[in-house]
Enquirer: 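Here it is: the structure, laid out below.
Quick note: numbers below take in every heavy atom, side chains included, and nothing from hydrogens, waters or symmetry partners. Sequence lines set the chain letters: A, B, ... in the order given, protein chains first and strands last, and positions in each chain run from 1.
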Number of protein chains: 2
Amino acid sequence: MTRLVFEKADAVPLVAEVFRELGFEGASLSRITERTGLGKGSLYHFFPGGKEEMAAAILADIDAWFVRHVFEPLEKGEPRAAIAQMWRSVNTYFRSGRRICLVGAFALDETRDRFAAPIHRYFARWVEALRRALMRAGVEGAAAGQFAEQTVAGIQGALVLARALNKNALFTRALTRLAQRLDAGIPTQP
Amino acid sequence: MTRLVFEKADAVPLVAEVFRELGFEGASLSRITERTGLGKGSLYHFFPGGKEEMAAAILADIDAWFVRHVFEPLEKGEPRAAIAQMWRSVNTYFRSGRRICLVGAFALDETRDRFAAPIHRYFARWVEALRRALMRAGVEGAAAGQFAEQTVAGIQGALVLARALNKNALFTRALTRLAQRLDAGIPTQP
DNA sequence: ATAATCCTAGACCGATCGGTATACTTTCAG
DNA sequence: CTGAAAGTATACCGATCGGTCTAGGATTAT
């Protein structure tokens, strides 16, 4: 009985990858055990609430990553630098289009209703943080809100399209274009 | 034994709505029967291949709708008029954001691998039809391809974001902005 | 009216589902 | 060295899964 995992925190990303690949309904306990190497015993030890708790922990983990690498920089840092970091972080996180956004995927089917709060919180915070950063960078109010929505939606759409066409170069290319469009909307540094 | 449905063609959109709401894995036979009113007998009469055949028929049905209302006009019609029609059709089809894109949803998880061909075909034809229409409208080659990708991705992303934030006004607003951006890239009529 | 066909209801099948319980090993503090 | 706590393996549970099958109602052509 070798120990593969030492704490819940180690189990979360393993299980997350299975949910990402199979979706919430598609990720059955047996599929999770076979792909992670964790038996049901371990799984229910770490997540007594079963699949629901696993998914909740994963969403919290994703949220924490984005808070640290995207949201807080946008909220607190120098806006231009924070936006530049956002593009790098997003491209890294989604592995240049090879990885999808689990939060977005959950939003599409009835799974959304189980996790409505964290899903809403994640996207709302992202859009709002970006909007405020744009305003601090000198973008006018209404335009900033529209840019922010457009940008976050653009990222999600690029993930869908890249996966549908099985062409992940499309994702990185789309990020570049979105970044250019955003830059073009930001007044030059005074 | 009243007859609710008279041919396979009548069953497809009913079952489609269930797949749309629950996803491929989430749509169990019992859920499908309870939501459509069609018993297993009828379902397997129309779709002897089971769930897989249902999903394939649905994808074909969706594709046919887009061919008729979006792709062929873009491919054959006057480009500016066809693009204008595309925006109307898309807003209608997705019920102003209340309905998701099943093809896009399938693309996100492992379901993609089962239906790789129709998923790829749908998006590839959309992007390509739009690209050529833009070129016929006078947009330069490379720019047309980028606009087309950006636009289709933008629509998909808007669906994700609108559902995640449970704010379908966001979808219609996003369509408007995407349309404006596209128009701005098209040279004025000579 | 009748026969052939089309369609439907639902019992039934083995497999798998999410989840529980228990017996076991490993780890580590005392 | 020992015992409690942490972590793991697996048999097992009732429910549900996708799918099959049969009996019979509805429809149509003749």
Enquirer: What's the shortest heavy-atom distance between A:Phe46 and A:Lys8, and which atoms?
Expert: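 Minimum heavy-atom separation between A:Phe46 and A:Lys8: CE2-N, 3.4 Å.
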
Enquirer: Are OP1 or OP2 of C:dC7 and a side-chain N or O of B:His45 less than 4.0 angstrom apart?
Expert: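 For C:dC7, OP1 or OP2 has a side-chain N or O of B:His45 closer than 4.0 Å.
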
Enquirer: Please check if atom CZ in A:Arg99 has more than 12 non-hydrogen atoms from other residues, nucleotides or ligands closer than 6.0 Å.
Expert: yes

Enquirer: OP1 or OP2 of C:dC17 less than 4.0 angstrom from a side-chain nitrogen or oxygen of A:Ser28, does that happen here?
Expert: yes

Enquirer: Expressed in angstrom and rounded to an integer, what is the separation of B:Met54 atom CE from D:dC17 atom P?
Expert: 13 Å

Enquirer: Is the cationic atom of B:Arg131 (NZ for Lys, CZ for Arg) positioned less than 6.0 Å from the six-membered ring centroid of B:Phe147 and within 45 degrees of its normal?
Expert: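 The answer is no; the distance or angle limit is not met.
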
Enquirer: Of all the heavy-atom pairs spanning A:Gly39 and A:Thr33, show the shortest one and how long it is.
Expert: C-CG2, 3.9 Å

Enquirer: Ignoring backbone atoms, test whether A:Ser30 places a side-chain nitrogen or oxygen under 4.0 Å from the OP1 or OP2 oxygen of C:dG18.
Expert: no

Enquirer: Measure CD/B:Glu52 against C1'/D:dG18 and give the value in whole Å, please.
Expert: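 The answer, rounded to whole Å, is 12 Å.
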
Enquirer: Using atom CG of A:Leu43 as one end and atom P of C:dC17 as the other, report the distance to the nearest whole Å.
Expert: 13 Å

Enquirer: Please give, in whole Å, the distance from D:dT28 C1' to B:Glu7 CD?
Expert: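 After rounding, the gap between these two atoms is 15 Å.
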
Enquirer: If you check the B:Ser42 side chain, which of C:dT8, C:dC17, D:dG18 turns out closest?
Expert: C:dT8

Enquirer: C:dC17 P sits how many Å from A:Arg31 CZ, rounded?
Expert: 7 Å

Enquirer: Figure out the CG/P separation between B:Leu38 and C:dG10, and round it to whole Å.
Expert: 13 Å

Enquirer: Between D:dT20 atom C1' and B:Tyr44 atom OH, what is the distance in whole Å?
Expert: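 Rounded to whole Å, this separation is 9 Å.
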
Enquirer: Let me know the distance between CD of A:Glu34 and P of C:dG18, rounded to the nearest Å.
Expert: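 Atom-to-atom, A:Glu34 to C:dG18, this comes out as 12 Å.
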
Enquirer: Closest approach to the side chain of A:Leu29, judged atom by atom: which nucleotide of C:dG18, C:dT8, D:dC17 is it?
Expert: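 Of the options given, the side chain of A:Leu29 lies nearest C:dG18.
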
